[in-house]
Amino acid sequence: MDYAEQDTGGGWAEGEPCWVDAMLPDVEGGKRFYGELFGWTFAAGAAGATAAAGPEYGQYTQAYSDGLPVAALAPKADGRMPTVWTVYLATPDAAALAGRVRRAGGSMVREPRPVGPLGTVGLAADPEGAVFGIRQGGAHHGFAKQRQPGSYCWTEVYSRDKDRVDPFYEGVFRYGGFDLDLDGAPFRTWSPPGAPAGPETAIGGRSLMSPATDGYSTPETPPHFLVYFNVVDADATAAAVTRLGGRVQLPPRDIPYGRIAVLRDNQGATFAVLQD
């Protein structure tokens, strides 16, 4: 199949980010934090559920920007679970994708399971342990707004061994890779199969972890995905995070594609923002 033929429902190509959610100790606190930071409004219940989080999914709280679904907040079922933002990659067949993940050297943290009529979701890990979601669409189609202020705009996996990670993602999802040098840091963008590989078509990428180049990881930081949200003013957003009880992990700085900052909310979930 080529890029145009891999629609997974909702217009997504396989491997394309289609949803994000945050697992938090305190969802009500998360609503206050992100509501003020991004102007999100919230509604709980099955309309937004992509993972079973309480009876009838009522504890899974969908976030809206301009009345359109952009993300969700969910309570941690176990205090030992990380407080983290998770990106979900689209697939037309979650079970088949789980098989490819395992054969390529990854693992399934949570096997795909249906969430009523809304879709099928699971959690996977790459060979270094970076966790991402997989999502087979149903009645819930994922983002209705993205790459605009107050919504998701980008994701990248932070890796220590590109020779293990690049073949994994490019084999499992058949991404086309394109290497860049961002201020001395090697970076690789990924484009869906059938699309010309390069920044213009990229739906995500891989960065190498190094305190000297990425500006916020430490030797103890595990490989992970970083979720970006688009904002009008990265500096003002960073200042608001501090005011709301969060922390700036990487102060706003310019890159060739805009101005970014890496931030942590007041419960410990890390995310980034991009000002075009």
Asker: Could you check L180 against T189 for side-chain contact (heavy atoms from CB on, under 4.5 Å), going step by step and ending with a plain yes or no?
Answerer: CA-CA 8 Å; L180 297 171; T189 64; 3.7 Å; yes
Asker: Do Y34 and L68 belong to the same hydrophobic cluster, where Ile, Leu, Val, Met, Phe, Trp and Tyr are linked whenever their side-chain heavy atoms lie under 4.5 Å apart, directly or via other members?
Answerer: no
Asker: Kindly work out whether a path of hydrophobic side-chain contacts (I/L/V/M/F/W/Y, heavy atoms less than 4.5 Å apart) joins V87 to F168.
Answerer: yes
Asker: Find out whether P25 and T83 are in side-chain contact, i.e. whether some heavy atom of one side chain is under 4.5 Å from a heavy atom of the other.
Answerer: yes
Asker: Measure centre to centre between the rings of F225 and Y88, then say whether the value is under 6.0 Å.
Answerer: no
Asker: Indicate whether the side chain of K145 and that of S65 have a donor and an acceptor atom separated by less than 3.5 Å.
Answerer: yes
Asker: Using only atom types and a distance under 3.5 Å, with no angle test, would you say the side chain of Q267 pairs donor to acceptor with the backbone of D26?
Answerer: yes
Asker: Go through the steps for R188 and K162 under the test side-chain contact (heavy atoms from CB on, under 4.5 Å), then give the verdict.
Answerer: CA-CA 9 Å; R188 189 169 176 85; K162 64 182 179 63; over 6 Å; no
Asker: Under 3.5 Å, side chain of Q136 to main-chain N/O of A94, donor-acceptor pair present?
Answerer: yes
Asker: To the nearest 0.5 Å, tell me how far T91 OG1 sits from E16 CD.
Answerer: 12.5 Å
Asker: Can you tell me how the ring of Y152 sits relative to the ring of F143, calling it parallel under 30°, perpendicular over 60° and tilted otherwise?
Answerer: parallel
Asker: Indicate the atoms forming the closest heavy-atom contact of T270 with W85, along with that distance.
Answerer: O-CD1, 3.7 Å
Asker: Hydrophobic clusters here meaning ILVMFWY residues chained together by side-chain heavy-atom distances under 4.5 Å, can you tell me if V27 and V227 are in one?
Answerer: yes
Asker: Working to the nearest 0.5 Å, report the span between OH of Y158 and CE of M209.
Answerer: 9.0 Å
Asker: Would a hydrophobic clustering, with Ile, Leu, Val, Met, Phe, Trp and Tyr connected at side-chain separations under 4.5 Å, put L226 with L89?
Answerer: no
Asker: Would a single hydrophobic cluster contain both W154 and L37, if residues Ile, Leu, Val, Met, Phe, Trp and Tyr are joined by side-chain heavy-atom contacts under 4.5 Å?
Answerer: no
Asker: Looking at every non-hydrogen atom in both residues, tell me the closest pair between E128 and D126 and how far apart they are.
Answerer: N-OD1, 2.8 Å
Asker: Would you check if T201 and F178 make a side-chain contact, meaning some heavy-atom pair closer than 4.5 Å?
Answerer: no
Asker: Angle class for the Y175/W190 ring planes (parallel below 30°, perpendicular above 60°, tilted otherwise)?
Answerer: parallel
Asker: Would you check, one step at a time, whether the test side-chain hydrogen bond (donor to acceptor under 3.5 Å, both in side chains) holds for Q62 with Y64?
Answerer: CA-CA 7 Å; Q62 185 159 266; Y64 296 84; 2.7 Å; yes
Asker: With a 4.0 Å cut-off on N to O distance, would you call E111 and R102 a salt bridge?
Answerer: yes
Asker: Quick one, R206 with E156, criterion side-chain contact (heavy atoms from CB on, under 4.5 Å). Give me CA distance, side-chain angles, the key distance, then yes/no.
Answerer: CA-CA 5 Å; R206 183 268 302 144; E156 58 206 24; over 6 Å; no
Asker: Do side-chain atoms of R174 reach the backbone of P193 as a donor and acceptor pair under 3.5 angstrom?
Answerer: no
Asker: To the nearest 0.5 Å, what is the distance between CD on E28 and CZ on F42?
Answerer: 9.5 Å
Asker: Nearest 0.5 Å, please: how far is CZ in R253 from CG in L250?
Answerer: 4.5 Å
Asker: Work out which heavy atom in D265 is nearest to a heavy atom in F271; give both atom names and the distance.
Answerer: N-CE2, 3.9 Å
Asker: Quick one: closest heavy-atom pair of A90 and A13, and the distance?
Answerer: CB-O, 3.8 Å
Asker: More than 12 heavy atoms of other residues, nucleotides or ligands under 6.0 Å from NZ of K76: yes or no?
Answerer: yes
Asker: Taking side chain as C-beta onward, heavy atoms only, is V273 less than 4.5 Å from F38?
Answerer: yes
Asker: Answer whether the closest heavy-atom distance between the side chains of L274 and R259 falls below 4.5 Å.
Answerer: no
Asker: Any idea which heavy atoms bring A130 and V157 closest together, and the distance?
Answerer: CB-CG2, 3.7 Å
Asker: Evaluate H140 against R135 for side-chain contact (heavy atoms from CB on, under 4.5 Å), listing each step before the verdict.
Answerer: CA-CA 10 Å; H140 187 280; R135 187 175 188 280; 2.9 Å; yes
Asker: I'd like to check P17 versus I203 (side-chain heavy atoms, cut-off strictly below 4.5 Å). Are they in contact?
Answerer: yes
Asker: Can you find a pair of side-chain heavy atoms, one from R160 and one from L208, that are under 4.5 Å apart?
Answerer: no
Asker: For V109, which residues count as a side chain to side chain contact (heavy atoms under 4.5 Å, CB included) partner, sequence neighbours excluded?
Answerer: L123, A125, V131
Asker: Do W40 and F33 have ring centres separated by under 6.0 Å?
Answerer: no
Asker: For G258, is there any backbone N or O sitting under 3.5 Å from a side-chain donor or acceptor partner on Q275?
Answerer: no
Asker: Say you draw a straight line from CD1 of I260 to OG1 of T237; how long is it, rounded to the nearest 0.5 Å?
Answerer: 13.0 Å
Asker: Does a donor on one side chain and an acceptor on the other come within less than 3.5 Å for Y257 and D276?
Answerer: no
Asker: If you look at every heavy atom in F173 and E14, which pair is closest and at what distance?
Answerer: CD2-CG, 4.3 Å
Asker: Under a 4.5 Å cut-off applied to non-hydrogen side-chain atoms, are T120 and V115 in contact?
Answerer: no
Asker: Measure the shortest side-chain to side-chain distance between L182 and P256 over non-hydrogen atoms and say whether it is less than 4.5 angstrom.
Answerer: yes
Asker: Can you measure from CG (L118) to NE2 (H141) and round to the nearest 0.5 angstrom?
Answerer: 10.5 Å
Asker: Just checking, any donor-acceptor pair under 3.5 angstrom between side chains of T61 and K31?
Answerer: no
